[in-house]
Engineer: 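Following this message is one structure expressed as structure tokens.
Every chain is numbered from 1, with letters handed out A, B, ... down the list of sequences.
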Amino acid sequence: MHYPFSDIEKQWQDRWSSEHTYRSTEDPSKPKYYVLDMFPYPSGTGLHIGHPEGYTATDIVSRFKRMCGYNVLHPMGFDAFGLPTERQAMVENIHPTVITERNVSTFMRQLQRIGFDFDWTRMVNTTDPEYMKWTQWMFLQIYNAWYDADKNKARPISELPIPEHLSDPLEIERYRDERRLAYIAHIPVNWCEALGTVLANEEVDEWVGKGYTVERRPMRQWMMRITAYAQRLLDDLQTLDWPASTVEMQRNWIGRSEGAEIRFPVADHDAVITAFTTRPDTVFGATYMVLAPEHPLVDRITTEEQHITVVEYRNAAALKSDLERTELAKVKTGVPTGAYAVNPATGERIPIWVADYVLAHYGTGAIMAVPGHDQRDYDFARKYSLPIVQVVGPGSIDDHALTEPGTAMNSENASVSLNGLSTDEAKRTISNWLEATGTGRARIQFKLRDWLFSRQRYWGEPIPILFFDDGTKRSLDLDELPLVLPEVEDFNPKGTVESALSTVDSWVNFTDPKTGKHARLETNTMPQWAGSCWYFLRYCDPENTDRFASTERERFWMGDSGVDLYIGGAEHAVLHLMYARFWHKVLFDLGHVSTAEPVKRLFHQGLILGEDGRKMSKSLGNVLNPDEVIDQVGADALRLYEMFLGPLEASKPWNTKGVEGITRFLDRVWRLVVADDGSLRTDLQDVAPTPEQDRVLHATIKKTREDIDALSMNTAIAQFMIFVNEFTGAEVRPKSAIERFLQCLAPFAPHIAEELWHRMGHTESIHLSAFPEVDETKLVQNEVEIVLQVNSKIRGKAVVPVNADQAAMEAIALADATVQKHLEGLTIRKKIVVPGKLVNFIAN
RNA sequence: GCAAGAGUGGCGGAAUUGGCAGACGCACUGGACUCAAAAUCCAGCGGGCUCAACACCCGUGCGGGUUCGACUCCCGCCUCUUGCACCA
């Protein structure tokens, strides 16, 4: 029969809660450890089986660190703003606040059943007005800041030098607005009519996959100037202990490329086309130019004859989705504008085309096409019979473009020659020439784009900006925050580009008490990412009403390296983790936080797949509910099983038989201490462990310590099983060894460990006890088994004293019958002796 | 296409300054206990050869290489997963 997990788990959870066992301490004499989970979105479906995986891992680490004498912060909260709640509210016709409360309480109940050591007094909820207040305040910090490129940091907008020629307040305001880190722009965005909102590029796939239609539409939007931080976001990746794949993804996302921008005058026209290229050394081979269909110069330079063709082409391109313009469109299309540009290097007139293989939002939206050395340009030139010139050798451009570096050729004019130079030299030389002649300059281009920050939804943080009738505006002061959402009758999409907030006239339209002027409030709200950019700061000091967190407590917990360990899914590798880094850096520049990076060590747990090896989903019917698993086998078994399944970072399938193996193990642990009748076992005695028992015990302590630090929970549990196998077979079970084993087990299976600890006579919680130390002397073995080899093949084994010298080992090896057999008739040419490992005779 | 990571028994997985491949668990087989079953306990469990033991041979995706010795290091492939994808 199973041990009584359902009784003891509930009982200990209640007792830990009433005794505040896991209340975070802030003892300045002890070091701190901040271990963080990515907080969940409280969906209506409740916790799924994947949630406890990462949470259990952090729970183990936090319990272990607490037992090692650290002040530990292991908090939990809810990322509760977002579209699904609003949609659920619409379906059920209940206010999102109520839905959120309901979902949060379900999540909390489920989390508590698993026995996590979260300090619930520090719980945060992004929709709580007291939390929102600081999200809005931080937004305004960003809004009221500009990026000082000289000092390479953000500074308050009040410190922005205003050019002397500006005197009109509106002009000064515009000058500032153009430099704020949060600003309004009119750009094409992903608009979803059915959802009634714009979506971030990264969100589009998800909703299109669910059958929604997303179109590109130019709209007024709030943007975050994350691009100002591109270089720092890239550089600081080196300081982080993050998964290589995530660092790589962020690097790609930032997409730094070095090159030059080159100015091409339009022939017989005053316009100039600026093109960005990473290969300025090939400028002599630029035989045509291409503008993106959306490029602002297209209208100005297109000739009368080409006008209709170009307009038609542009309209067709506008209707294409991004998918059609990229993935599906392997065949490039384009039309000539009829205009010509002058290649500044060759002085030749080259035709200007419009083609949608050039993206409006990257670089300058225009390229110099070098078909000889760029495959895309090559394909296009071949299709439309444009000239192809080779300016880099060696090799032939008969079949394809030569994109590799080489030696410049055919690249000479009256004032500069690249001929004979390597690609690197040629780049330097031409960049200097461009600069000297005013036709261009070296430049670094990033792929990263500014962050689209506004949503046209109800269920998000309102943007605290007032617009006055005279065209001026002001941001709300701290004493006016939080700006809370108004009650609405109906938050369904209105088919307009404004959120449901715009329908609440009394909220939107009012007389500003501070200025006495008539004002309109911004009706856009913030995206879900906003609240998750800084929640880890709020955990440090969640009750604070004067600041998002006091300086002292922020410094105490964020220390000099920020969050010590952050565990969450890899799906946030670029979005949340990039946004949060940016947000944190702005706060850092403005002096509000003490670290340049929020998270020192990051780890992604893998997916738990269905028993069939496929991703769990409702439609496949392979979804598991943690509540059911706990009902059947208990929380400790659920925790242990999820950890034993395999490496934390790997995706691995659930296996019900495997769960049985874990329950069997826990039953064995129970029986190590408790007899069938429920009393303490009589063979549990105050005796000294045997040397072998001591060795297993200390190996277990050592492995537990090492494996928790390495997040290798599965191998620690394997060691627990070895311990239990060893001690189950013992006639007498030394109490001291069993107790120390329970302390090792405690972070993993907190309930059973606590119960047995108390049954063995302790009155204090095992989770507040000091983690056992390793006695290395107990691990030293007197004798070791070595391998005897002849010509590198294993021919025997021998047990030798651990300190046996080479001669002794050789002698033992030579005495082995099988070794002798294999050496018969051969001469030993070489002897390899590795102390404690092997003896190898090379003979022929 | 580019980038990152992975490939080990029937299954999940262990093992890295190069030194006994398969720890631990699951499944399976046998035994003990039982009238019997379940549970529990004990033992076995990569493949080949062998009645069996000893001995021997093969074996970490494939093909090469370095080395006394390679799951581990190097070169070239194949497959899978994830991410990015006309980024000039």
Side-chain angles (χ1 to χ4, degrees), chain A residues 1-2 243-253 255-257 259 275-279 282 286 290 292 322 325-327 329-332 355-359 361-370 373-377 379-380 403 445-449 570-571 573-574 604 606-607 613 641 644-647 649-662 664-665 667-668 671 676 712 714-725 728-729 785-797 817-818 821-822 829-832 834 836-843:
Chain A
M1 272 298 97
H2 291 308
S245 59
T246 299
V247 169
E248 194 59 27
M249 269 194 249
Q250 292 219 347
R251 208 167 262 148
N252 291 341
W253 192 261
R256 184 184 198 271
S257 40
F276 174 75
T277 177
T278 54
R279 292 293 302 272
T282 62
V290 185
D322 273 5
R325 276 179 71 158
T326 58
E327 277 175 54
K330 295 297 177 202
V331 179
K332 301 184 191 340
D356 65 6
Y357 81 92
V358 172
L359 307 174
H361 50 69
Y362 183 76
T364 60
I367 62 158
M368 66 172 205
V370 184
H373 305 284
D374 182 291
Q375 193 58 42
R376 293 156 302 183
D377 298 342
D379 295 341
F380 192 80
T403 56
Q445 177 67 40
F446 293 95
K447 207 168 90 179
L448 183 72
R449 281 183 271 160
E571 67 273 19
V574 279
H604 299 307
L607 278 184
Y641 179 64
F644 188 59
L645 210 44
E649 68 275 19
S651 288
K652 55 245 158 186
W654 185 273
N655 179 285
T656 302
K657 285 288 184 188
V659 183
E660 286 173 25
I662 285 294
R664 214 169 300 179
F665 163 72
D667 287 338
R668 281 162 71 88
R671 285 196 302 270
D676 288 347
S712 177
N714 53 331
T715 51
I717 295 167
Q719 182 64 35
F720 296 159
M721 291 171 172
I722 291 171
F723 179 95
V724 170
N725 290 344
T728 295
E785 192 181 56
I786 61 164
V787 177
L788 312 177
Q789 297 180 327
V790 177
N791 287 331
S792 304
K793 295 212 174 200
I794 295 161
R795 299 304 179 188
K797 292 174 185 178
T818 311
K821 195 179 98 187
H822 285 274
R829 305 289 177 193
K830 192 173 175 186
K831 299 168 183 171
I832 295 157
V834 182
K837 296 264 190 197
L838 59 84
V839 178
N840 187 6
F841 296 117
I842 309 305

Engineer: My understanding is that only residues two or more places apart in sequence, or in another chain, count here; which of them pass side chain to side chain donor-acceptor pair (under 3.5 Å) with S257(A)?
Structural biologist: Y362(A)
Engineer: Side chain to side chain contact (heavy atoms under 4.5 Å, CB included) with M721(A): which residues, sequence neighbours excluded?
Structural biologist: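 Once residues adjacent in sequence are excluded, the partners of M721(A) under the side chain to side chain contact (heavy atoms under 4.5 Å, CB included) criterion are F644(A), I662(A), F665(A), I717(A).
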Engineer: Quick one: list whatever passes side chain to side chain contact (heavy atoms under 4.5 Å, CB included) with T403(A), sequence neighbours left out.
Structural biologist: A401(A)
Engineer: Test of understanding: with side chain to side chain contact (heavy atoms under 4.5 Å, CB included), list the residues that count as partners of N714(A), not counting sequence neighbours.
Structural biologist: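 Partners of N714(A) by the side chain to side chain contact (heavy atoms under 4.5 Å, CB included) criterion, ordered by chain and then number, come out as P647(A), S712(A).
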Engineer: Measuring only the P atom in each nucleotide, how far is rA70(B) from rG19(B)? A whole number of Å is fine.
Structural biologist: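 It comes out at 11 Å once rounded to the nearest Å.
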Engineer: For rG9(B), does the O4'-C1'-N9-C4 (purine) or O4'-C1'-N1-C2 (pyrimidine) torsion place it in syn, i.e. within 90° of 0, or in anti?
Structural biologist: syn
Engineer: Given the P atoms of rU16(B) and rC11(B), what is the spacing between them in whole Å?
Structural biologist: 23 Å
Engineer: Sequence neighbours left out, what passes side chain to side chain contact (heavy atoms under 4.5 Å, CB included) with I842(A)? Give chain and number order.
Structural biologist: N791(A), S792(A), K830(A), I832(A), N840(A)
Engineer: Think S257(A) has a side-chain N or O under 4.0 angstrom from the OP1 or OP2 of rA88(B)?
Structural biologist: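 Answer is yes, contact under 4.0 Å.
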Engineer: What dot-bracket string describes RNA chain B from 5' to 3', counting Watson-Crick and G-U wobble pairs whose defining distances are under 3.5 Å, with [ ] for crossing pairs and | for pairs to another strand?
Structural biologist: (((((((..(((......[....))).(((((.......))))).(((.......)))..(((((..]....))))))))))))....
Engineer: Within the structure shown, what part of the strands sits under 4.0 Å from E785(A) by heavy-atom distance: base, sugar-phosphate, or nothing?
Structural biologist: base
Engineer: Between rC74(B) and rU66(B), how many Å separate the two C1' atoms, rounded to a whole number?
Structural biologist: 7 Å
Engineer: With respect to the phosphate group of rC24(B), does any side-chain polar atom (N or O) of N714(A) fall under 4.0 Å of OP1 or OP2?
Structural biologist: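 For N714(A), the contact criterion (side-chain N or O under 4.0 Å from OP1 or OP2 of rC24(B)) is not met.
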Engineer: How is K837(A) classified with respect to the nucleic acid when contacts are heavy atoms under 4.0 Å: base, sugar-phosphate, or nothing?
Structural biologist: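 It contacts sugar-phosphate atoms only.
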Engineer: Of all the nucleotides listed (rC26(B), rG25(B), rC86(B)), which has the minimum atom distance to the side chain of Y357(A)?
Structural biologist: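 Within the option list, the nearest is rC86(B).
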Engineer: Taking only nitrogen or oxygen atoms into account, show me every contact under 3.5 Å that the protein makes with nucleotides 40-47 of chain B, one pair per line with its distance.
Structural biologist:
{"residue": "rU40(B)", "atom": "O3'", "partner": "R671(A)", "partner atom": "NH2", "Å": "3.1"}
{"residue": "rC41(B)", "atom": "OP1", "partner": "R668(A)", "partner atom": "NH1", "Å": "2.6"}
{"residue": "rC41(B)", "atom": "OP1", "partner": "R671(A)", "partner atom": "NH2", "Å": "3.3"}

Engineer: Report the residues that fulfil salt bridge (Lys or Arg N to Asp or Glu O under 4.0 Å) with K837(A), sequence neighbours left out, ordered by chain and then residue number.
Structural biologist: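 Scan of K837(A) (salt bridge (Lys or Arg N to Asp or Glu O under 4.0 Å), adjacent residues dropped) gives none.
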Engineer: How is P647(A) classified with respect to the nucleic acid when contacts are heavy atoms under 4.0 Å: base, sugar-phosphate, or nothing?
Structural biologist: sugar-phosphate
Engineer: Quick check: on RNA chain B, is the nucleotide nearest L645(A) upstream (toward 5') of the one nearest M721(A), or the reverse? Name the residue that is more 5'.
Structural biologist: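 It is L645(A), whose closest nucleotide lies nearer the 5' terminus.
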Engineer: Could you list, one pair per line, each protein nitrogen or oxygen that sits under 3.5 Å from a nitrogen or oxygen of nucleotides 52-56 of chain B, together with the distance?
Structural biologist:
{"residue": "rA55(B)", "atom": "O2'", "partner": "K821(A)", "partner atom": "NZ", "Å": "2.9"}
{"residue": "rC56(B)", "atom": "OP1", "partner": "R795(A)", "partner atom": "NH1", "Å": "3.2"}
{"residue": "rC56(B)", "atom": "OP1", "partner": "H822(A)", "partner atom": "NE2", "Å": "2.8"}

Engineer: Enumerate the protein-to-nucleotides 65-71 of chain B contacts in which both atoms are nitrogen or oxygen and the separation is below 3.5 Å.
Structural biologist:
{"residue": "rC68(B)", "atom": "O2'", "partner": "S792(A)", "partner atom": "OG", "Å": "2.2"}
{"residue": "rC68(B)", "atom": "O2", "partner": "N840(A)", "partner atom": "ND2", "Å": "2.7"}
{"residue": "rG69(B)", "atom": "O4'", "partner": "S792(A)", "partner atom": "OG", "Å": "3.2"}

Engineer: Base, sugar-phosphate, or nothing for K793(A), non-hydrogen atoms under 4.0 angstrom?
Structural biologist: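 Since only primed, P, OP1 and OP2 atoms lie under 4.0 Å of K793(A), the category is sugar-phosphate.
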Engineer: Would you say the side chain of K657(A) and the base of rC11(B) hold a donor-acceptor pair, judged only by whether the two atoms sit under 3.5 Å apart?
Structural biologist: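 A donor-acceptor contact between them is absent.
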Engineer: Which residues pass the side chain to side chain donor-acceptor pair (under 3.5 Å) test with T656(A), sequence neighbours left out?
Structural biologist: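 If we apply the side chain to side chain donor-acceptor pair (under 3.5 Å) test to T656(A), skipping adjacent residues, the hits are E611(A).
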Engineer: List for me each residue that meets ring-ring contact (aromatic ring centres under 6.0 Å, His included) alongside F276(A), sequence neighbours excluded, and say none if there are none.
Structural biologist: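 For F276(A), no residue satisfies ring-ring contact (aromatic ring centres under 6.0 Å, His included) once neighbours in sequence are set aside.
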